[in-house]
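Beneath this line is the structure, given in structure tokens, with notes to follow.
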Protein chains: 2
Amino acid sequence: MTTTPGQATAPGRRRAPSMADVAREANVSGQTVSRVSNGRDNVDAATRDRVLAAMTKLGYRPNSAARALRTGRFRSIGVIMFTLSSFGNMRTLDAITTAASDAGYSLTLIPVPHPTKGELSVAFDRLADAAVDGVILVVEAHLFDESDVELPDGLPAVIIDASGDERFPGVDTDQAHGARLAVQHLLDLGHETVWHVAGPERSYSATRRRDAWAATLAEHGASAPPVLEGDWSTEAGYELGLELAANPAVTAVFAANDQMALGVLRAMHESGRAVPGDVSVVGFDDMSESSSFWPPLTTVHQYFGEVGRRSVEALLHEVEAGERRGNSLVDVELVVRQSTAPPRR
Amino acid sequence: MTTTPGQATAPGRRRAPSMADVAREANVSGQTVSRVSNGRDNVDAATRDRVLAAMTKLGYRPNSAARALRTGRFRSIGVIMFTLSSFGNMRTLDAITTAASDAGYSLTLIPVPHPTKGELSVAFDRLADAAVDGVILVVEAHLFDESDVELPDGLPAVIIDASGDERFPGVDTDQAHGARLAVQHLLDLGHETVWHVAGPERSYSATRRRDAWAATLAEHGASAPPVLEGDWSTEAGYELGLELAANPAVTAVFAANDQMALGVLRAMHESGRAVPGDVSVVGFDDMSESSSFWPPLTTVHQYFGEVGRRSVEALLHEVEAGERRGNSLVDVELVVRQSTAPPRR
DNA sequence: CGCCGAGATGTTTACGTCAACATCTCGTGA
DNA sequence: TCACGAGATGTTGACGTAAACATCTCGGCG
């Protein structure tokens with residue numbers, strides 16, 4: 001008995017009970033408490049009950065810091081994310097959280113307030129003293145590429161939607177296939193060509209959607225109109241939509257996400273161009289509100305949940321088994337609703 | 001020198017460098033490394049540089065578990081949340097993350113997959129071995145009330161939007177004022193009465209909005225139509241909206257959130273009732289898409305960012321200063337757009 | 001009747017950090 | 001010239017846990 005035990009209930013904050021306190025209360029050794037705490041089966045039933053009772057009585061909860069120090073594992077994974085304010089990121093995060101939780105890991109969120117190289121370094125620094133066993137990156141990968149900072153050496157990582165990055169295993173949505181489906185759908189309906197409201201150039205997702213749009217057009221011998229580039233926001237979609245509405249040649253628009261598609265819809269309404277009568281519109285993401293847009297939006301459904309789940313799985317495989325998984329591609333599905341129709345002749 | 005030092009670069013994973021390794025490399029004591037690591041100023045500039053160089057060379061990063069064990073602080077706060085899939089929760093989480101990060105805390109997310117008492121217990125258990133200094137609850141408080149589980153004793157907590165809970169300091173949005181503004185606005189426009197598409201009864205927010213709606217109507221001598229109760233989803237709004245659209249007496253609708261308002265808009269469009277010509281609609285939340293709905297939605301703006309910031313502030317005050325803050329109420333603002341107009345006469 | 005081994009339980013120690021305290025080196029002023 | 005103190009640096013130990021190893025208690029069997 002080296003340290004002063006328990007201390008009669010001091011008035012202010014008192015020290016949280018430790019294994020030693022429980023051990024004393026239950027008249028066993030600390031090791032036995034540890035065994036009960038970790039669910040080992042080599043403890044006598046009566047002893048276990050006694051220990052459990054002591055734990056409850058004292059309100060014992062294991063000190064995760066000490067446990068982590070001893071085991072070298074935090075049972076937590078980190079997520080580095082630029083913004084939660086996009087539908088896709090949020091859904092992905094939701095899925096990651098659930099998957100991690102199911103695997104008995106908690107989730108540490110490391111925000112990158114502004115998508116600049118500097119901020120990314122800050123996030124990595126934070127990561128350095130964060131208590132995580134691995135990290136999932138949900139960032140605009142271009143920035144990451146340019147960034148001179150490195151992830152801590154030996155920290156397992158998985159990167160989402162940055163296909164082609166060789167440094168880490170990645171989980172990607174098949175953006176190209178999605179864009180292809182969207183454009184194909186409009187062309188099949190009889191539209192001569194399809195205009196594109198793209199996402200920012202620095203985003204890999206945006207780039208891949210744009211490239212696939214152009215390629216599909218080319219394959220069908222349709223000429224590609226100039227690209228209108230937005231920043232994913234409804235406002236951008238609205239502004240760009242106004243331009244498109246003013247151009248009578250426009251009969252079909254493929255927006256790189258649902259929020260911009262919504263902006264386009266609004267612009268069309270305000271300009272008196274009927275959707276889908278005069279102009280057909282297709283989005284990308286299939287956010288939960290899209291089916292209630294007016295008109296309900298034809299869009300490309302992404303399986304964000306699947307992306308999140310696979311990322312966690314790949315990461316934990318590396319954390320626990322020490323083996324890297326390969327890249328993984330999640331498919332996509334076209335959901336036809338009421339914002340698309342054949343062109344008026 | 002008790003333990004085997006460094007070990008020549010073993011092929012597989014090698015032990016992460018510790019303070020002792022850095023100390024050896026820089027020819028100083030571990031304590032000096034600790035001082036540099038913690039930014040103390042009582043270290044000679046030359047020594048500091050030497051230590052810093054050694055840290056870089058070895059790729060040292062502090063072991064947060066050991067630090068937490070020693071200091072008793074994790075520098076992390078937990079967030080217990082039912083679902084990320086609601087606009088408000090997401091925005092709140094975003095703000096919490098940013099505020100925590102600014103204060104040098106990381107954020108641990110503890111999901112509660114399904115809003116049942118059992119799941120809540122599971123979350124609390126998880127919390128028990130999560131490494132957090134305090135916790136912010138973003139849950140439907142009714143469930144929490146009924147739950148027999150308790151938060152770990154002595155763990156500081158703040159609860160969001162559960163006004164009246166006496167156990168913890170809370171940060172609430174002034175839901176009642178918001179509902180009042182919405183109803184008042186419609187009444188001022190000349191509507192005889194206002195119909196209400198409410199949120200689920202088990203939600204305090206929903207209850208408060210509903211009560212304030214009823215009270216405002218009563219104050220103006222308007223009779224309160226039966227309440228239509230939804231589950232916050234656009235689908236529910238749509239179903240309920242169809243009922244409202246079929247009733248020619250309906251000229252004004254107050255939906256308890258923007259998503260249900262969107263569903264109502266769609267139902268009105270499909271039923272051929274003009275908004276705002278035949279029916280005016282007001283929402284609640286002001287999600288970023290609302291200004292692009294068709295027509296752009298009049299709604300009650302919530303300052304989710306402020307709620308998140310204040311929660312973190314209150315929590316950290318308790319964590320660091322040991323003093324509880326009182327409750328805090330965040331105001332709200334009516335944003336008039338184009339979904340409301342005087343009734344057709 | 002004593003030996004063996006399985007299962008239950010206890011003892012020791014190290015994980016990496018930092019607070020408290022100890023020591024050492026100077027420059028300054030009497 | 002030397003005592004003093006400020007500032008730099010070192011030494012020791014404890015935080016709570018769990019792995020490795022040690023011991024103890026039995027029941028079964030030759």
Side-chain angles (χ1 to χ4, degrees), chain A residues 1-7 13-51 54-55 58-75 128-129 131 133, chain B residues 1-7 13-51 54-55 58-75 128-129 131 133:
Chain A
M1 226 173 279
T2 57
T3 60
T4 318
Q7 290 288 40
R13 301 225 205 192
R14 58 184 188 282
R15 191 174 56 82
S18 75
M19 255 179 36
D21 300 315
V22 175
R24 202 173 307 114
E25 174 75 23
N27 256 306
V28 295
S29 74
Q31 187 52 217
T32 298
V33 178
S34 171
R35 284 191 263 254
V36 172
S37 178
N38 290 341
R40 299 296 165 69
D41 57 1
N42 55 347
V43 178
D44 188 76
T47 310
R48 173 185 307 276
D49 290 346
R50 200 148 34 92
V51 171
M55 283 179 172
L58 300 181
Y60 169 77
R61 49 184 198 129
N63 180 317
S64 57
R67 175 174 290 177
L69 174 59
R70 191 66 183 75
T71 63
R73 286 282 152 78
F74 296 99
R75 299 201 71 77
D129 59 34
D133 300 314
Chain B
M1 222 175 281
T2 57
T3 60
T4 319
Q7 289 289 36
R13 300 224 205 191
R14 60 183 187 284
R15 190 173 56 84
S18 73
M19 255 180 35
D21 300 315
V22 176
R24 201 173 307 114
E25 175 75 22
N27 256 305
V28 295
S29 72
Q31 186 54 217
T32 298
V33 177
S34 170
R35 284 190 263 255
V36 171
S37 178
N38 291 345
R40 299 295 163 73
D41 57 1
N42 54 345
V43 178
D44 189 75
T47 309
R48 173 185 307 275
D49 289 347
R50 200 148 33 91
V51 171
M55 284 178 172
L58 299 181
Y60 168 78
R61 47 182 199 130
N63 180 315
S64 57
R67 175 174 289 176
L69 175 60
R70 191 64 184 72
T71 63
R73 286 282 152 80
F74 296 99
R75 298 202 69 79
D129 60 34
D133 300 313

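Reminder, nothing fancy here: chain letters follow the sequence lines and each chain counts from 1. Note that the structure is predicted; figures quoted are calculated from it, not measured.
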Given atom [atom1] of [X] and atom [atom2] of [N], what is their separation to the nearest angstrom?
X       : N      : atom1 : atom2 : answer
A:Asn63 : C:dG16 : CG    : P     : 16 Å
B:Arg61 : C:dT17 : CZ    : C1'   : 15 Å
B:Arg73 : C:dC18 : CZ    : C1'   : 15 Å
B:Asn38 : C:dT17 : CG    : C1'   : 9 Å
A:Met19 : D:dA18 : CE    : C1'   : 7 Å
A:Arg24 : D:dG16 : CZ    : P     : 11 Å
B:Met55 : C:dT17 : CE    : C1'   : 12 Å

Less than 4.5 Å apart, any side-chain heavy atom of [X] and any of [Y]?
X       : Y       : result
B:Met19 : B:Tyr60 : yes
B:Val36 : B:Met55 : yes
A:Ser64 : B:Phe74 : yes

If every non-hydrogen atom of [X] is compared with every non-hydrogen atom of [Y], which pair is closest and at what distance?
X       : Y       : answer
B:Ala16 : B:Asp21 : O-OD2, 4.2 Å
B:Ala66 : A:Leu69 : CB-CD1, 3.7 Å
B:Arg40 : B:Arg48 : O-NH2, 2.7 Å
B:Pro17 : B:Leu58 : CG-O, 3.3 Å
A:Ala68 : B:Ala65 : CB-CB, 3.7 Å

Q: Could you tell me whether the phosphate oxygens of D:dA19, OP1 or OP2, come under 4.0 Å of any side-chain nitrogen or oxygen in A:Arg40?
A: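 Indeed, a polar side-chain atom of A:Arg40 lies that close.
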
Q.
Measuring to OP1 and OP2 of C:dA19, would you say a side-chain N or O of B:Arg67 lies under 4.0 angstrom away?
A.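 Answer no for this pair, as no side-chain N or O of B:Arg67 is under 4.0 Å from OP1 or OP2.
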
Q: Say whether A:Arg67 and A:Ser37, considering side chains only, have a donor N or O and an acceptor N or O under 3.5 Å apart.
A: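 Yes, A:Ser37 and A:Arg67 have a side-chain donor paired with an acceptor closer than 3.5 Å.
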
Q | Exam field: side chain A:Asp133 to backbone A:Arg75, donor-acceptor pair closer than 3.5 Å | A |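 Side chain of A:Asp133 to backbone of A:Arg75, a donor-acceptor pair under 3.5 Å: yes, one is there.
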
Q) How sharply is the helix from C:dC1-D:dG30 to C:dA30-D:dT1 bent, taking the axes over five pairs at either end and rounding to 10 degrees? A)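 Overall, the helix from C:dC1-D:dG30 to C:dA30-D:dT1 bends by 60° from one end axis to the other.
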
Q | Residue that, paired with A:Arg35, satisfies side-chain contact (heavy atoms from CB on, under 4.5 Å) out of A:Val28, A:Val51, A:Val43 | A |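 Looking at A:Val28, A:Val51, A:Val43, the match for A:Arg35 under the side-chain contact (heavy atoms from CB on, under 4.5 Å) is A:Val43.
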
**Q.** Summary of protein contacts for nucleotides 5-13 of chain C, nucleotide by nucleotide, where a base hit scores B, a sugar-phosphate-only hit scores S (4.0 Å, heavy atoms)
**A.** ---SBBB--

Protein-nucleic acid N or O pairs under 3.5 Å, nucleotides 25-28 of chain C:
none

